[in-house]
Amino acid sequence: MITSQENDQLTQVGKGTLMGNLLRQYWHPIASASRLDQEPVIEVDLLGEELVLFRDRSGRLGLLERGCAHRQTSLGFAMPEENGVRCAYHGWVWDADGKCLEQPSEPEGSSYFERVTTIAYPARELGGLVFAYLGAGAPPHLPRYNVLVWDDVYRETNGTTVPCNWLQVLENLLDPAHIENLHGRYFGYVLDRTDPQEAEFFRSRIAPKPMKGMDFDLFEQGVIERHYCMDEQEHSWTTGSPIFFPSTAMMVRNEGSGTLIFVVPLSDDRTWFLEHRAMPLGGRPLPEGGAPYHDVPGTDSFGKLRVGTANGQDHMAVVTQGARTSRQREHLGATDAGLIMYRQLLLDQAQGFADGAEPINVHRGLAANRQIDAPPARTAEVNV
Ligand code: FES
Ligand SMILES: [Fe+2]
């Protein structure tokens with residue numbers, strides 16, 4: 001049973017909070033590189049901080065506190081310069097390290113600029129995504145998940161901003177019990193009302209089968225969710241879906257073909273749900289303009305949550321729990337074992353970090369900078 005205090009600890013992501021401090025030990029995606037190519041200065045949010053991300057004219061990425069340190073106008077409207085960005089208001093120039101390089105509105109000869117700085121964080125690009133690290137001190141390695149580093153693949157990313165706390169979105173990934181009902185029975189009901197012919201096809205060919213078993217394992221970098229519908233040879237049982245702590249799920253079937261899901265805590269009550277896919281190029285040329293990013297709106301033109309896709313159904317399920325759901329009001333069942341395990345892992349890791357321990361899935365040192373693959377598949381022999 002979760003107390004209201006534990007619920008706050010689990011869900012608050014701001015600077016100085018228990019979980020906010022833990023989440024700041026990890027790199028999180030904040031933008032697609034292709035978006036930055038089109039628009040070199042953009043406003044981004046991460047862990048409750050309002051920031052601005054830019055690529056300056058020399059190609060360097062910068063991530064700064066959004067409000068200009070002069071008088072708080074958003075640097076989201078700044079102009080890229082050779083080294084940094086120039087604020088749209090009075091033209092102060094800030095570089096990627098947060099140093100002020102110029103103050104054209106100050107008296108000639110003033111050296112005031114040398115004594116003014118703003119908050120700056122590291123940002124790096126990998127696999128067509130830009131990642132940020134908001135922790136203090138030297139950042140660990142940016143994790144080289146296999147899907148992000150494969151060569152000769154076509155990549156694309158779909159993203160939706162989900163108006164609720166990140167942990168609700170993450171917990172849904174540890175909840176195979178909903179698949180049959182939400183993505184089967186309910187999906188069929190939605191199709192009955194929009195496209196009866198499609199509903200028939202869906203029920204006969206696509207609807208998920210009844211679930212026969214599920215299980216959850218801890219591994220050294222996180223938790224593995226497993227389930228099967230037919231028998232225990234299924235990929236979803238043997239390999240399962242590993243969730244790399246704290247918020248990256250990996251689904252890989254073959255080398256060169258797979259998906260990473262990033263659950264990005266933008267603030268206490270907004271989450272960026274990102275699906276990054278890679279697939280073999282198969283002789284096709286790489287698209288111009290890099291890996292495309294598609295923004296998938298979570299609501300229709302009336303502001304109603306879209307439930308015509310599996311992702312939309314998932315988002316409906318978690319958004320309607322409330323912006324930050326009250327876990328103390330839940331009545332958990334046997335099938336909620338995965339999310340119970342994850343909550344405990346989060347609290348243990350956050351407390352451990354507060355006490356000075358290095359959290360799991362933080363990689364430092366030369367030898368640790370290697371490709372990260374899914375943990376080995378479970379076989380019938382080592383099952384149970
Ligand atoms: S507010 Fe940015 S230069 Fe004045
Ligand atoms: Fe789902």
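In listed order, ligands and their atoms are each counted from 1. Residues take their numbers from the sequence shown, with the count starting at 1.
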*Report the name of the N/O/S atom of D314 located nearest to the Fe ion (ligand 2).*
OD1
*Assess the side chains of D314 and N172: does a donor N or O sit below 3.5 Å from an acceptor N or O?*
yes
*Using 4.0 Å as the upper bound for N to carboxylate O, is an ion pair formed by R343 and E330?*
yes
*Assign the ring pair Y133 / W27 to parallel, tilted or perpendicular, where the plane angle (0 to 90°) is split at 30° and 60°.*
tilted
*Contacting atoms of ligand 1, where contact means under 4.0 angstrom from a heavy atom of W92*: 3 (S)
*If you measure only the distance, is there a donor-acceptor pair under 3.5 Å linking the side chains of Q233 and T238?*
no
_Opening angle at the Fe ion (ligand 2) [NE2, H178; NE2, H183; to 10 degrees]_ = 100°
*Do any of the N, O or S atoms of C87 sit under 2.8 Å from atom 4 (Fe) of ligand 1?*
no
*Examine all N, O or S atoms of H90, backbone included, and report whether one is under 2.8 Å from atom 4 (Fe) of ligand 1.*
yes
*Specify whether W92 and H70 have parallel, tilted or perpendicular ring planes, treating 30° as the upper limit for parallel and 60° as the lower limit for perpendicular.*
parallel
*If you count the atoms of ligand 1 from 1 in the order shown, which ones are under 4.0 Å from a heavy atom of G91?*
3 (S)
*Could you pull out the atom name of the N/O/S atom in H70 that is nearest atom 4 (Fe) of ligand 1?*
ND1
*Aromatic plane relationship, F187 with F202 - under 30° parallel, 30 to 60° tilted, over 60° perpendicular*: tilted
_Location of contacts on Y89 toward ligand 1, heavy atoms closer than 4.0 Å_ = side chain
*Does a donor on one side chain sit under 3.5 Å from an acceptor on the other, for R155 and H276?*
yes
*Going by the atom numbers of ligand 1, which of them fall below 4.0 Å from some non-hydrogen atom of R71?*
1 (S)
*Relative to the heavy atoms of C68, which atoms of ligand 1 are at a distance of less than 4.0 Å?*
1 (S), 2 (Fe), 3 (S)
